[in-house]
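Owing to the predicted nature of the structure, the values given are computational and were not obtained by experimental measurement. Residue numbers start at 1 and run along the sequence shown.
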Amino acid sequence: DHRLQPSIAMWMTTNLRRSEHGGFEFTFDVETCNDLYDSFTVEDLTDVLRDSEEDVTLLKAERNEVWEGVEEERLTGGNERVKVRTLEDSGHW
C-alpha cells in the first residue's frame, strides 16, 4: 500500500506546477534529488558534526524509525556544540 496520509499529499502538491504538456510536474529538479539521495546513502559525514566549531542543532522526529538505534553520541562525538532535539509526537514528515 503506497497511499499517503492526506496531510502529506497536500504538502506534496505545494511542489507541483501545471506542465505545458498537460498535467503536472514537480517544481524542483527530480534528477538532482535522486543524486542527492544516492549520495546521502553512501556518505558518512558524522566527522563534520564532531569537528564542528559552530553550534549545530539536529532535529529528531520522535516517531521516525530511521533514528531508532542511532546513538546521539555517535552523531555528536561528544562535541558540546552539537545538540540533538526531539520533536515530540512527530514522524518523518
> Between Leu16 and Met12, is there a shared hydrophobic cluster once you connect ILVMFWY residues whose side-chain heavy atoms come closer than 4.5 Å?
Replying inline: yes

> Which atom pair, heavy atoms only, marks the closest approach of Glu62 to Asp89?
Replying inline: OE1-N, 2.5 Å

> So do Leu58 and Leu49 actually touch side chain to side chain, heavy atoms under 4.5 Å?
Replying inline: yes

> Tell me, which pairs form a salt bridge (charged side-chain N to carboxylate O under 4.0 Å, His left out) where one or both residues lie in residues 39-58, sequence neighbours left out?
Replying inline: Asp55-Arg81

> Quick one: do Phe28 and Trp11 end up in the same hydrophobic cluster if we chain Ile, Leu, Val, Met, Phe, Trp and Tyr together by side-chain heavy atoms under 4.5 Å apart?
Replying inline: yes

> Are any of the side-chain heavy atoms of Leu75 and Val82 separated by less than 4.5 Å?
Replying inline: no

> Where is the tightest heavy-atom contact between Ser90 and Ala61, given as atom of each residue plus distance?
Replying inline: OG-CA, 3.3 Å

> Which residue pairs satisfy the salt bridge (charged side-chain N to carboxylate O under 4.0 Å, His left out) criterion with at least one member in residues 17-28, sequence neighbours excluded?
Replying inline: Arg17-Glu25

>> Is it the case that atom CZ in Phe40 sees more than 12 heavy atoms from other parts of the structure closer than 6.0 Å?
In response: no

>> Using 0.5 Å steps for rounding, measure from the CG atom of Asn64 to the CG atom of Leu59.
In response: 11.5 Å

